[in-house]
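The structure under discussion appears below in the form of structure tokens.
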Protein chains: 2
Amino acid sequence: MASRTTSKARQVVAGARPETRQAENFRQIRREHAHEIAEDYVEAIADLSATLGEARVVDLARRLGVTHVTVNRTLARLREAGHVNTKPYRAIFLTESGRKLAEECKRRHQTVVAFLRSLDISEKVAEKDAEGIEHHVSQETLAAFVRHLAAAAAGIRSSR
Amino acid sequence: MASRTTSKARQVVAGARPETRQAENFRQIRREHAHEIAEDYVEAIADLSATLGEARVVDLARRLGVTHVTVNRTLARLREAGHVNTKPYRAIFLTESGRKLAEECKRRHQTVVAFLRSLDISEKVAEKDAEGIEHHVSQETLAAFVRHLAAAAAGIRSSR
DNA sequence: TTCATCTTGTAGCCATAGCTACATATTTTC
DNA sequence: GAAAATATGTAGCTATGGCTACAAGATGAA
């Protein structure tokens with residue numbers, strides 16, 4: 001049992017395409033993964049700064065659902081990446097690049113949520129799914145969401 | 001500088017909500033992350049089995065864009081999770097639960113792609129974004145996608 | 001000012017997910 | 001049937017992203 005098809009055939013098929021198109025997609029998604037956390041952090045820092053006047057390690061930990069240890073280490077990497085400025089025992093500040101990233105994320109997040117809401121998805125689920133989806137929405141797809149929202153708005157306007 | 005707001009105020013605000021709603025969302029998404037790889041693997045195994053007659057480690061590696069070592073180790077975990085049956089140096093087979101999971105993933109994937117296509121997103125981008133998005137689409141959101149597709153189809157029918 | 005409390009930092013553990021290098025099994029080819 | 005090629009397996013490295021436990025700094029109150 002477990003008999004194989006002839007290896008010849010398989011090799012021809014596989015050898016002809018040493019890389020599937022999917023392989024590159026998967027790789028890309030894995031790369032995006034690394035960015036996700038950075039995006040979540042800068043977004044949270046921006047939000048906390050706006051809300052509480054400053055972002056601190058404990059606040060971030062609570063917000064992100066991790067311990068302060070995890071926050072600490074991630075902040076170290078964000079600092080190396082140039083997204084935040086931190087000093088020991090002091091509040092966390094975004095750099096220019098961090099602020100820019102946070103801006104983009106926020107806009108994208110809001111667009112995704114609004115788009116899901118326009119499909120009659122409940123606010124709670126829209127918020128939650130957006131959190132997972134937003135990191136994988138390309139420029140083209142985001143633009144399509146915006147188009148759809150604009151069309152829906154136009155529809156509402158014309159129907160009253 | 002870097003003056004803090006009064007800690008009192010912060011503590012009250014933070015203390016009142018030891019857990020933000022977002023924290024649970026983030027935690028959930030991290031949990032989903034663990035499933036993503038399992039889903040990608042069973043889907044690839046199902047697809048390769050259908051296409052080539054069997055799924056082998058090298059094929060999976062090529063398809064997923066990783067080395068055979070990574071495939072091997074992940075398969076070990078999938079075997080523990082009861083999704084696949086493997087024997088050394090033999091092809092990989094899905095168990096009943098693996099097959100079921102693959103089925104679900106495939107349907108969801110196709111739905112997401114079709115939905116994105118219906119927004120005039122190019123096939124290439126739709127495929128790629130779907131790969132990242134699909135793992136974070138809840139039942140409710142998936143249902144909304146299906147609704148939208150049905151409505152679009154009805155619109156086309158009635159307009160010709 | 002000192003003491004208690006809260007916050008931040010550090011050491012070091014675990015699991016996942018990638019890798020290279022090397023060893024072994026299987027398959028194909030001659 | 002032996003050699004070459006391919007596939008699979010294993011050892012052990014890296015980085016990420018969780019954690020607990022403990023140490024040390026900062027703040028607020030007595």
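Here is how names work: the chains are called A, B, and so on, in the same order as the sequence lines, proteins then strands, and each is numbered from 1.
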In whole angstrom, give the distance that lies between atom [atom1] of [X] and atom [atom2] of [N].
{"X": "B:Leu75", "N": "D:dT10", "atom1": "CG", "atom2": "P", "answer": "12 Å"}
{"X": "B:Arg56", "N": "C:dT26", "atom1": "CZ", "atom2": "C1'", "answer": "9 Å"}
{"X": "B:Arg73", "N": "D:dA11", "atom1": "CZ", "atom2": "P", "answer": "12 Å"}
{"X": "A:Arg31", "N": "C:dG18", "atom1": "CZ", "atom2": "P", "answer": "13 Å"}
{"X": "A:Leu64", "N": "D:dT16", "atom1": "CG", "atom2": "P", "answer": "18 Å"}

Most 5' of A:Thr70 and A:Pro88 on DNA chain D, judged by nearest nucleotide: A:Thr70

Sugar-phosphate, base or nothing in reach of A:Val69, heavy atoms under 4.0 Å: base

N-O pairing of A:Arg62 and A:Asp59 below 4.0 Å: yes

B:His148 and A:His148 aromatic centres sub-6.0 Å: yes

Name of the residue among A:Arg107, A:Arg108, A:Lys106, A:Lys100 meeting salt bridge (charged side-chain N to carboxylate O under 4.0 Å, His left out) with A:Glu39: A:Arg108

Under-4.0 Å side-chain N/O to phosphate OP1/OP2 contact, A:Arg77 with D:dG17: yes

Contact under 4.0 Å: B:Asn72 side-chain N or O vs D:dG9 OP1/OP2: yes

Face-to-face stacking of B:His68 with D:dT8, centres under 5.5 angstrom, angle under 30°: yes

